[in-house]
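To start, the structure under review is shown below, and the notes come after it.
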Amino acid sequence: MNKKIFLACFVAFAATFSTSSFAQAVKVKPVKKQTEARPVETTPSDLKTDVIKKPMLIPASGNQGSDWSSPAGELAFPALPYAYDALEPAIDKLTVEIHYDRHHRAYYNNFAKAISGTEFASMPITDIFAKISDMPVSVRNNGGGFYNHVIYWENLSPKGGGEPGGELAEMIKKQFGEYTKFVEKFEDAAKTRFGSGWAWLSVDPKNGELFISSSPNQDNPLMNTSERMGTPILALDVWEHAYYLKYQNKRADYISAFWKIVNWPVVEKRYMQAKSKK
Amino acid sequence: MNFEFPALPYAYDALEPHIDKLTMEIHHTKHHKAYFDKFTAAISGTELESKSIEDIFSNISKAPLAVRNNGGGFYNHNLFWQILSPKGGGAPGGKLAEAIDSKFGSFEDFKTKFNDAAANRFGSGWAWLSVKSDNSLCVCSSANQDNPLMDVHDCPGLPVLGLDVWEHAYYLKYQNRRPEYINAFWSLVNWEKVSENYQRALK
């Protein structure tokens with residue numbers, strides 16, 4: 001490894017990665033942590049902070065769940081419910097910052113643009129997903145990207161980890177056997193999704209059963225293009241952008257780390273809500 | 001088995017600053033190598049073992065998914081490394097240049113079309129310039145590790161130029177800015193090699 005070239009290109013990364021496995025793997029000298037480091041070659045001027053109309057995400061301590069009943073055209077881009085570095089070391093600060101502030105925001109903006117002035121703007125986003133096969137591909141890709149990331153951020157927490165409790169724990173045991181069997185099956189869905197996509201735990205509205213699935217790109221189980229439709233209660237993003245800066249080709253390591261930050265109280269709350277709607 | 005994992009035809013840092021050394025190293029030794037290993041494991045002991053990869057692709061709809069994903073990943077990266085060069089860039093010459101002008105109007109028009117294909121491929125995939133069976137050129141994109149040789153592709157042909165737009169191809173340096181990576185790609189294209197591919201593809 002030519003350190004000179006590496007450092008020239010990755011000095012900003014090294015600053016934020018000084019304690020990560022990434023830094024160790026490439027033997028970068030620890031660099032003094034710069035808490036305000038910006039992504040390489042990005043400028044703050046192209047960020048649009050004015051799109052935040054009202055916070056929709058609950059705080060990590062909340063458990064109210066997002067309200068998706070409003071017309072899609074009135075949905076706001078939610079604040080991240082924790083700081084960019086809150087999920088360290090499972091997910092590094094720079095990844096969370098770019099993921100939320102660039103990728104997620106772009107999906108939101110493009111979705112808003114795609115439905116603006118159309119009949120879809122007055123429909124709840126869940127109703128849009130239920131008819132997604134008839135929708136323009138920009139609504140599918142960006143609507144999915146907007147919704148999926150809200151679900152994802154919300155079911156992560158710096159205080160996460162452990163195991164689920166309550167009725168969700170009972171249902172997991174009943175359907176999957178031990179909790180570890182459920183973890184294995186979910187991990188399998190996340191690892192075997194080829195290319196970009198998501199792994200899901202959902203509730204089947206027909207019978208209240210839990211099921212694990214994966215979807216390509218920004219599709220989700222609410223879309224009528226899904227093999228089995230349901231209400232997602234746990235989401236794991238396996239697009240490379242979700243983990244590449246820290247884990248590169250080692251998706252399995254990212255998936256293992258995910259369990260340490262799962263916000264089970266939020267997932268339990270979603271389970272109870274989804275179950276009551278069946 | 002007649003498949004070999006190819007060495008990279010230049011050093012890992014040879015494509016700097018357009019593609020950084022670490023990206024090249026992980027891309028070749030981890031991603032590409034894993035596709036090769038899984039592809040050879042998937043065909044080992046089957047009738048596919050003795051076939052050419054073009055023959056395998058021409059019936060890919062009937063092959064196991066592991067052959068499609070990993071065979072595509074193996075072949076696509078082989079082509080990708082070949083059509084890049086530290087001495088690349090500029091514009092094509094000879095018959096390829098004539099064919100591009102005749103099909104797309106101009107080299108700039110071709111680039112615009114190719115850039116659109118690469119930028120608009122949602123999720124993971126590739127952008128291609130290929131030669132169709134009637135010898136005409138075609139710009140298209142494919143999902144994941146599919147390619148125009150596969151019988152599942154909507155624009156069948158022989159690829160002569162390919163651009164990897166999986167996030168792993170650019171994320172360490174460009175993150176969410178795929179268009180900047182696509183733009184940098186043109187400084188690396190080995191047009192001599194692409195012309196060779198084109199001549200060979202003509203029937």
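Per chain, numbering begins at 1; letters A, B, ... match sequence-line order. Note that the structure is predicted; figures quoted are calculated from it, not measured.
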Flag if over 12 foreign heavy atoms under 6.0 Å of CD, B:E54 | yes
Which atoms form the tightest heavy-atom contact between B:S124 and A:S196, and what is the distance?
-> OG-OG, 2.6 Å
How about B:E192: does its CD atom have over 12 heavy atoms from other parts shown lying under 6.0 Å from it?
-> no
B:K193, NZ: over 12 other non-hydrogen atoms inside 6.0 angstrom | yes
Distance, nearest 0.5 Å, that separates CG of B:N144 from CZ of A:F194 = 5.5 Å
Gap between atom CG of A:N141 and atom CZ of B:F122 - 0.5 Å precision | 4.0 Å
Separation of B:H32 NE2 from A:N249 CG (nearest 0.5 Å) = 14.0 Å
Spacing of B:N176 atom CG and A:H104 atom NE2 [to the nearest 0.5 Å] = 14.0 Å
Over 60° means perpendicular and under 30° means parallel, so classify the ring planes of B:H168 and A:Y244, tilted if in between.
-> tilted
